[in-house]
Amino acid sequence: MRTRSISIVAAIIITVIFASYIGMNGLVLGDKTIRSAKDSIELGLDLAGGVYVVLEANTEATGDELAQMMEETKAIIGKRVDGLGVSEPNIAIEGENRIRVELAGVQAPDQAIDLIGKTALLEFKTPAGDTVITGKNVINSQVLFQPNEYGVNEPVVSLELNEEGRQSFFEATSVLAAKTETLDKIIYIVLDGEIISNPMVLEPIIDGKPVITGMYTLDEANDLSNLIRAGALPVEMVELQTSVIGPTLGLEAFEKSILAGGIVIAVIFAFMLLVYRVPGFVASLALTIYVLLVVGAMILIGAKLTLPGIAGLVLSIGMAVDANILIFERIREEILVGKTVRVSIDAGFKRALRSILDSNITTLIAGAVLYFYGTGPIKGFGVTLTIGIVASMITAVFFTKYVLRLMAVITGGKNLKLYGV
């Protein structure tokens, strides 16, 4: 029995050490690679760097009309962000008339900020100021290259119009092409009240595929094409708050947070071993498994790690240790009244279980509320706190009890000093 218990505990220790090594360093097996936790976990805006923008609707609309405008605006901004190639952006409506946009890891923050809030009202106007078509008549837009007057290929935006737009554009260009004066033949392409291109109409455009020229760079053409494809915002959005976080600053904060978390865990290990001896060793083992479970769960569900999330993780570590201390104190009380170690372990867990459940369930409810109703960093805190509470229940109640029973068999339960008595 004792030999079997030693084998099981040894296997658990080896497994935990191996899993911890993989978590910190990764592993290469032939053509398969297991990445380290640091490389696998998604980092939030405050750690990876990026852009944070709060926009406010400039409108007098209220109630259902405003709510519909905000939903449409959110969807259009989402399309624009997709065009930037940003992975898992966070776009949320705050209150009644504000939208928060968080883009982690974006490479060109100024370009992203400009693109997000632009109204993007596209109009094709005649020299007389009459609107021929708008962005609503555009089915699709794409970037192409065509030679300019000097024979050099330059980026242009090619549009495809719907039936209504095709007919209107054909009629307008037919009239303009017939003009004799050069200035009368121009069609003005206007974006948000600003002329971005003014090509001359030499012949009627029958196919409904006009081309916008005048872009100096490929990025400029891509941005314009993305704006047109996503559509115009239904309401003007005013930039209320903007924050750009550099990746260097975020990485430094991440490294310091990890260092702080490591120091916290090391101090806890030392305290538990010093005060509770064998139970403290088991608690330290359980705490290591707890950290592996939390980090693994976050990687599995694709949760982003933020600075508040790290704070939630450290807080849940404290709660996991608190549950162990509560159990160990109950076990110590049972031993002091003359019960054997094995009986004291079962009785201690039974007595402490209700208190542990009450404290963890109330915290779990708080974490769930923060996750479902919070935004940005608050949501990240709720995620790690909730995952941490569930993991701490698993390790403190089930794992610790099982290993403590094995340790009671190994030690024989005779030397009470090994149990902090």
Side-chain angles (χ1 to χ4, degrees), residues 8-9 12-13 15-16 19-20 23 37 41 261 264-265 267-269 271-273 275-276 278-303 305 308-334 342 344-372 374 378-408 419-420:
I8 294 174
V9 171
I12 292 173
I13 294 173
T15 302
V16 170
S20 300
I41 199 164
V264 167
I265 293 175
V267 171
I268 290 174
F269 282 2
F271 172 80
M272 297 298 287
L273 287 169
V275 176
Y276 295 104
V278 169
F281 169 75
V282 175
S284 299
L285 201 59
L287 197 58
T288 305
I289 294 175
Y290 159 84
V291 173
L292 293 172
L293 286 175
V294 172
V295 174
M298 292 188 67
I299 294 173
L300 188 64
I301 67 176
L305 184 64
I310 293 175
L313 179 59
V314 173
L315 176 61
S316 58
I317 287 174
M319 295 194 65
V321 173
D322 181 64
N324 281 309
I325 290 175
L326 193 61
I327 293 168
F328 297 160
E329 287 296 330
R330 293 291 182 269
I331 293 174
R332 180 185 285 177
E333 290 172 3
E334 297 295 329
R342 297 182 190 180
S344 297
I345 289 172
D346 290 336
F349 271 90
K350 187 175 181 180
R351 288 181 58 192
L353 184 59
R354 182 167 182 176
S355 298
I356 293 172
L357 286 175
D358 288 345
S359 63
N360 280 276
I361 288 173
T362 53
T363 309
L364 190 62
I365 292 172
V369 171
L370 291 174
Y371 173 75
F372 285 108
I378 302 300
K379 198 182 188 78
F381 180 85
V383 169
T384 53
L385 183 60
T386 301
I387 294 174
I389 293 299
V390 174
S392 71
M393 289 289 294
I394 294 172
T395 54
V397 176
F398 299 105
F399 176 81
T400 304
K401 184 177 181 179
Y402 175 69
V403 178
L404 265 181
R405 283 176 169 175
L406 294 175
M407 294 302 294
Y419 295 86

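Predicted, not measured: the structure shown is a model, and the values here were computed from it.
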In chain order, what residues pass the ring-ring contact (aromatic ring centres under 6.0 Å, His included) check against Y276, with sequence neighbours excluded?
F328
How many angstroms lie between atom CZ of F349 and atom CG of L326, to the nearest 0.5 angstrom?
10.5 Å
Nearest heavy-atom neighbours spanning I345 and A408
CD1-CB, 4.0 Å
Salt bridge (charged side-chain N to carboxylate O under 4.0 Å, His left out) partners of E333, counting only residues at least two apart:
R330, R351
State, with a plain yes or no, whether a side-chain heavy atom of L404 is found less than 4.5 Å away from one of I331.
yes
Euclidean distance, L293 CG relative to F399 CZ, rounded to 0.5 Å:
10.0 Å
With sequence neighbours left out, what residues match V383 under side-chain contact (heavy atoms from CB on, under 4.5 Å)?
A303, Y371, I387
Shortest non-hydrogen pair, N360 vs S392, comes out as OD1-OG, 3.6 Å
Looking only at heavy atoms, the pair that brings V294 and A391 closest together is CG2-CB, 3.8 Å
First locate atom CE of M407, then atom OH of Y419, and finally report the distance between them rounded to the nearest 0.5 Å.
6.5 Å
With rounding to the nearest 0.5 Å, note down the distance linking CG in L357 to OG1 in T362.
10.5 Å
Taking only residues two or more places apart in sequence or in another chain, which ones pass side-chain contact (heavy atoms from CB on, under 4.5 Å) with S20?
V16, T288, L292
Search all heavy atoms of A323 against all heavy atoms of I356 and return the closest pair with its distance.
O-CD1, 3.8 Å
Contacts of type side chain to side chain donor-acceptor pair (under 3.5 Å), residue T400, not counting sequence neighbours
N324
Kindly give the heavy-atom pair with the smallest separation between A396 and I327, and that separation in Å.
O-CD1, 3.7 Å
Considering residues at least two apart in sequence or located in another chain, which fulfil the side chain to side chain donor-acceptor pair (under 3.5 Å) criterion with D322?
none
When rounded to the nearest 0.5 angstrom, what is the spacing between CD1 in I8 and CD1 in I13?
12.0 Å
When rounded to the nearest 0.5 Å, the distance separating CD1 of I365 from OG1 of T386 is 11.0 Å
Answer whether the closest heavy-atom distance between the side chains of L287 and T395 falls below 4.5 Å.
no
Under the side chain to side chain contact (heavy atoms under 4.5 Å, CB included) rule, what do I310 and T384 come out as? Steps first, then yes or no, please.
CA-CA 7 Å; I310 293 175; T384 53; over 6 Å; no
If you take all heavy atoms of L273 and S284, which pair is closest and at what distance?
CG-OG, 4.3 Å
Could you check M272 against I325 for side chain to side chain contact (heavy atoms under 4.5 Å, CB included), going step by step and ending with a plain yes or no?
CA-CA 8 Å; M272 297 298 287; I325 290 175; 4.0 Å; yes
